[in-house]
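Take a look at the structure below.
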Number of protein chains: 2
Amino acid sequence: MEAVKLKKSKQRDAILAFLKTRKDHPTADTIYDNVKKDIPNISLGTVYRNLAVLTEIGEIQKLSFDGSSDRYDPVTAPHCHFRCRNCGSVYDVDVDPDFLNSISLPKEGFPGQVEGQITVFYGTCEKCMDQYS
Amino acid sequence: MEAVKLKKSKQRDAILAFLKTRKDHPTADTIYDNVKKDIPNISLGTVYRNLAVLTEIGEIQKLSFDGSSDRYDPVTAPHCHFRCRNCGSVYDVDVDPDFLNSISLPKEGFPGQVEGQITVFYGTCEKCMDQYS
DNA sequence: TCAATATTAGGAATTATTCCTATTTTTAGA
DNA sequence: TCTAAAAATAGGAATAATTCCTAATATTGA
């Protein structure tokens with residue numbers, strides 16, 4: 001939580017750049033595998049540390065789901081996710097802006113100060129549905 | 001995923017009974033510590049396995065959050081949670097039924113069949129706010 | 001009562017993530 | 001440009017949560 005002055009790092013830049021090419025919210029491990037193509041001796045610890053830093057400064061967001069590794073999303077603007085309970089994939093969902101507004105900041109009866117909210121829809125993705133029909 | 005015929009087990013009953021006494025969505029470890037008072041030689045693996053079974057049959061729900069152990073909630077009726085980003089506590093939130101309806105089942109544009117949704121509000125709980133003011 | 005099958009305790013194994021340390025890189029200022 | 005302080009790194013060890021394994025036990029329906 002201390003204010004730390006960031007120094008530039010090509011590892012961090014590469015991680016963020018890679019993340020921005022992807023729409024599927026990759027895990028730290030996937031990011032590691034891919035960034036390694038450019039920086040062969042990058043370490044997984046470095047990936048995790050930089051993802052934490054980027055999350056802290058609000059450049060990206062971390063998504064946690066039941067039963068799988070954390071995923072990282074380069075889009076911090078409000079949006080929702082859809083997660084397949086069968087294969088674990090996570091997709092962005094373009095919901096009606098009105099809907100976003102309606103859930104964005106609620107009224108009262110909260111046991112604290114609300115700073116944000118996360119909505120995740122879950123179900124079966126089309127790929128998995130095709131597979132069992 | 002196979003259909004398995006459940007046999008009764010006092011361990012499972014005790015786990016569910018304990019969970020129903022709590023409103024704070026305890027972790028497997030907390031459940032273990034408490035059920036151990038009645039069944040001293042119960043094992044943590046048994047706790048995890050039964051929580052998984054109970055989740056699978058829809059008796060309880062499992063809640064996953066960033067950076068902490070999974071938590072278990074004996075209430076499966078639709079409701080929302082509030083999580084303190086400072087201390088990690090998870091509270092139930094009684095939201096307006098209209099609000100619940102409004103988020104309950106959305107329209108279209110989803111990459112699959114929606115079976116449910118989870119909304120988590122996050123922020124700073126009152127206890128933590130008091131502490132820093 | 002018996003046999004089939006689910007469940008258990010206990011502990012080993014796995015997985016994701018964090019932490020540690022010596023070294024390297026970046027940065028701001030002289 | 002040179003230098004010293006601070007941040008960042010690689011590599012690997014350590015940790016924490018959870019799952020898996022196995023032999024023994026409990027439950028069930030016939």
Side-chain angles (χ1 to χ4, degrees), chain A residues 1-19 25-57 59-73 83 88 90, chain B residues 1-19 25-57 59-73 83 88 90:
Chain A
M1 285 298 173
E2 302 293 316
V4 170
K5 195 168 291 182
L6 288 189
K7 294 185 173 176
K8 87 189 240 280
S9 116
K10 72 172 187 227
Q11 288 85 348
R12 181 157 58 235
D13 292 349
I15 288 165
L16 183 56
F18 169 72
L19 199 52
H25 315 89
T27 62
D29 216 60
T30 301
I31 295 166
Y32 173 62
D33 287 342
N34 281 274
V35 172
K36 210 160 38 172
K37 291 173 190 165
D38 287 330
I39 306 174
N41 67 339
I42 193 172
S43 76
L44 185 54
T46 295
V47 172
Y48 271 106
R49 185 169 23 74
N50 278 300
L51 288 170
V53 168
L54 290 166
T55 301
E56 183 129 351
I57 65 177
E59 275 287 315
I60 66 176
Q61 63 175 314
K62 182 174 171 183
L63 311 174
S64 298
F65 299 97
D66 172 27
S68 68
S69 303
D70 289 340
R71 291 161 173 273
Y72 296 87
D73 186 343
R83 177 160 193 260
V90 175
Chain B
M1 284 298 171
E2 303 291 316
V4 170
K5 195 167 292 182
L6 289 188
K7 293 183 174 178
K8 88 191 240 281
S9 115
K10 72 172 188 228
Q11 287 84 347
R12 182 156 58 236
D13 291 348
I15 289 165
L16 183 56
F18 170 71
L19 199 53
H25 315 90
T27 62
D29 217 59
T30 301
I31 294 166
Y32 173 62
D33 286 343
N34 281 275
V35 172
K36 210 160 38 171
K37 292 172 191 166
D38 287 329
I39 306 177
N41 68 337
I42 193 172
S43 78
L44 186 54
T46 294
V47 172
Y48 272 106
R49 185 170 24 74
N50 278 299
L51 288 170
V53 167
L54 290 167
T55 301
E56 182 129 352
I57 65 177
E59 275 287 316
I60 66 176
Q61 63 175 317
K62 181 174 169 180
L63 311 174
S64 298
F65 299 96
D66 173 27
S68 69
S69 303
D70 289 340
R71 289 162 174 272
Y72 296 87
D73 186 343
R83 177 160 193 259
V90 175

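Taking atom NZ of Lys10(A) as the reference point, atom C1' of dA7(D) lies 16 Å away to the nearest angstrom. In this entry the distance linking CG of Asn50(B) with P of dA9(C) reads 9 Å, nearest Å. Spacing between atom CG of Asp66(A) and atom C1' of dT15(C) amounts to 15 Å, rounded to whole angstrom units. Distance Asp70(A) CG to dA16(D) P: 17 Å, rounded to the nearest Å. If you measure from atom CG of Leu63(B) to atom P of dT18(D), you get 12 Å, rounded to the nearest angstrom. Between the P atom of dT9(D) and the CG atom of Leu6(A) lies a distance of 10 Å, rounded to the nearest Å. Following rounding to the nearest Å, Leu16(B) (CG) and dT7(C) (P) show an atom-to-atom distance of 14 Å.
To the nearest 0.5 Å, the span separating OG1 on Thr55(B) from CG on Asp73(B) amounts to 10.0 Å.
In this structure, Leu63(B) and Phe65(B) have side chains that are in contact, with non-hydrogen atoms separated by less than 4.5 Å. Between Leu16(A) and Ile60(A), some side-chain heavy-atom pair lies under the 4.5 Å cut-off. Gln11(A) has its side chain out of reach of Val35(A): every pair of non-hydrogen atoms, C-beta onward, lies at least 4.5 Å apart. Arg12(A) is listed as a side-chain neighbour of Val53(A), based on a closest heavy-atom distance under 4.5 Å.
Within residues 29-45 of chain A, the residues having any heavy atom closer than 4.0 Å to DNA chain D are, in order of number, Asn41(A), Ile42(A), Ser43(A).
Of all heavy-atom pairs between Ile15(A) and Thr46(A), the closest is CD1-O, 4.2 Å.
Residues Lys7(B) and Arg71(B) both approach DNA chain D. Their nearest nucleotides, taken by heavy-atom distance, put Arg71(B) toward the 5′ side. Along DNA chain D, the nucleotide nearest Arg49(A) and the nucleotide nearest Ser68(B) are compared for position; the residue whose nucleotide lies closer to the 5' end is Arg49(A).
The nucleotide whose nearest atom lies closest to any side-chain atom of Ser69(B) is, among dT7(C), dA10(D), dT18(D), dT18(D). For Lys8(A), taking side-chain heavy atoms from C-beta onward, the closest of the listed nucleotides dA8(D), dT27(C), dT28(D) is dT27(C). With dT7(C), dT19(D), dT27(C) as the candidates, the nucleotide lying closest to the side chain of Tyr48(B) is dT19(D). Ranking dA10(D), dT7(C), dA8(D) by closeness to the Thr46(A) side chain, first place goes to dA10(D).
Looking at Lys5(B), its side chain has no donor and acceptor atom pair within 3.5 Å of the base of dT5(C).
Of the N and O atoms on the side chains of Arg49(A) and Ser9(A), not one donor lies less than 3.5 Å from an acceptor on the other residue.
A close approach under 4.0 Å does not occur between any side-chain nitrogen or oxygen of Ser9(B) and OP1 or OP2 of dA6(C). Checking the phosphate oxygens (OP1, OP2) of dA26(D), no side-chain nitrogen or oxygen of Gln11(B) falls inside 4.0 Å.
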